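The structure under discussion appears below in the form of structure tokens.
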Amino acid sequence: MAREDLHFRLRIPESLRDRVRAAGVNNGRSMTAEIVARLEASFTPEDVGDVNDAELLGILADMDSLKQRLIQSHKRQK
């Protein structure tokens, strides 16, 4: 994440924070990156007005999915 990105405080239950942290560790991401990835994945192409943006979001989601599969595969090999 770039330093210029928006920063804000977010209140969440401690149990949810722990789950986000664990998911981030499992996926090889920081808590922030895990939250951003999950938010981005929650948007469908229909949520985006521009077709090119929808296509790009689809490609990014595919890339994230492949990354997660690689991480899981690497963990199983250890």
Side-chain angles (χ1 to χ4, degrees):
M1 303 226 62
R3 288 280 179 202
E4 303 82 41
D5 288 342
L6 174 67
H7 289 75
F8 70 96
R9 294 179 65 118
L10 173 67
R11 291 185 199 170
I12 61 173
E14 187 175 347
S15 61
L16 180 56
R17 183 205 58 203
D18 294 344
R19 290 170 54 200
V20 170
R21 179 179 289 139
V25 168
N26 191 46
N27 293 322
R29 298 191 275 234
S30 67
M31 286 180 62
T32 298
E34 185 66 28
I35 291 167
V36 169
R38 287 171 178 258
L39 279 172
E40 287 177 345
S42 72
F43 290 98
T44 64
E46 294 79 31
D47 293 329
V48 180
D50 189 296
V51 174
N52 291 331
D53 287 344
E55 185 176 356
L56 179 58
L57 283 176
I59 292 169
L60 290 172
D62 291 344
M63 289 175 60
D64 190 57
S65 175
L66 287 171
K67 177 184 171 188
Q68 299 315 312
R69 289 172 50 197
L70 284 170
I71 290 169
Q72 295 302 320
S73 175
H74 181 70
K75 286 180 179 181
R76 283 193 297 270
Q77 291 176 1
K78 286 185 175 181

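Values below: every heavy atom of this structure, side chains too, minus hydrogens, waters and symmetry copies. Being a predicted model, the structure only gives us computed values, none of them experimental. One-based numbering along the sequence shown.
Under the side chain to side chain donor-acceptor pair (under 3.5 Å) criterion, N26 pairs with K75, sequence neighbours left out. Under the salt bridge (charged side-chain N to carboxylate O under 4.0 Å, His left out) criterion, R19 pairs with no residue, sequence neighbours left out. When the side chain to side chain donor-acceptor pair (under 3.5 Å) test is applied to R21, no partner is found at least two apart in sequence or on another chain. Partners of R11 under the side-chain contact (heavy atoms from CB on, under 4.5 Å) rule, at least two apart in sequence or in another chain, do not exist in this structure. When the side-chain contact (heavy atoms from CB on, under 4.5 Å) test is applied to S65, the partners found at least two apart in sequence or on another chain are R69. Under the rule for a side-chain contact (heavy atoms from CB on, under 4.5 Å), L70 has no partner lying at least two apart in sequence or in another chain.
Between atom CD1 of residue I35 and atom CG of residue L16 there is a gap of 8.0 Å, rounded to the nearest 0.5 Å. In this structure, the separation between CZ on R38 and CG on N27 is 6.5 Å, given to the nearest 0.5 Å.
When hydrophobic clusters are built by joining Ile, Leu, Val, Met, Phe, Trp and Tyr residues whose side-chain heavy atoms come closer than 4.5 Å, directly or via intermediates, L39 is grouped together with V20. Put simply, V25 and I71 are part of two different groups of oily side chains (I, L, V, M, F, W, Y) that touch within less than 4.5 Å, one to the next.
When every heavy atom of D64 is checked against every heavy atom of A37, the shortest pair comes out as OD2-CB, 4.3 Å. A33 and S30 make their closest contact through N-OG, 3.0 Å (heavy atoms, listed as atom of the first residue, atom of the second, distance). Heavy atoms only, all atoms of each residue included: E34 and G24 are closest at OE1-CA, 3.6 Å.
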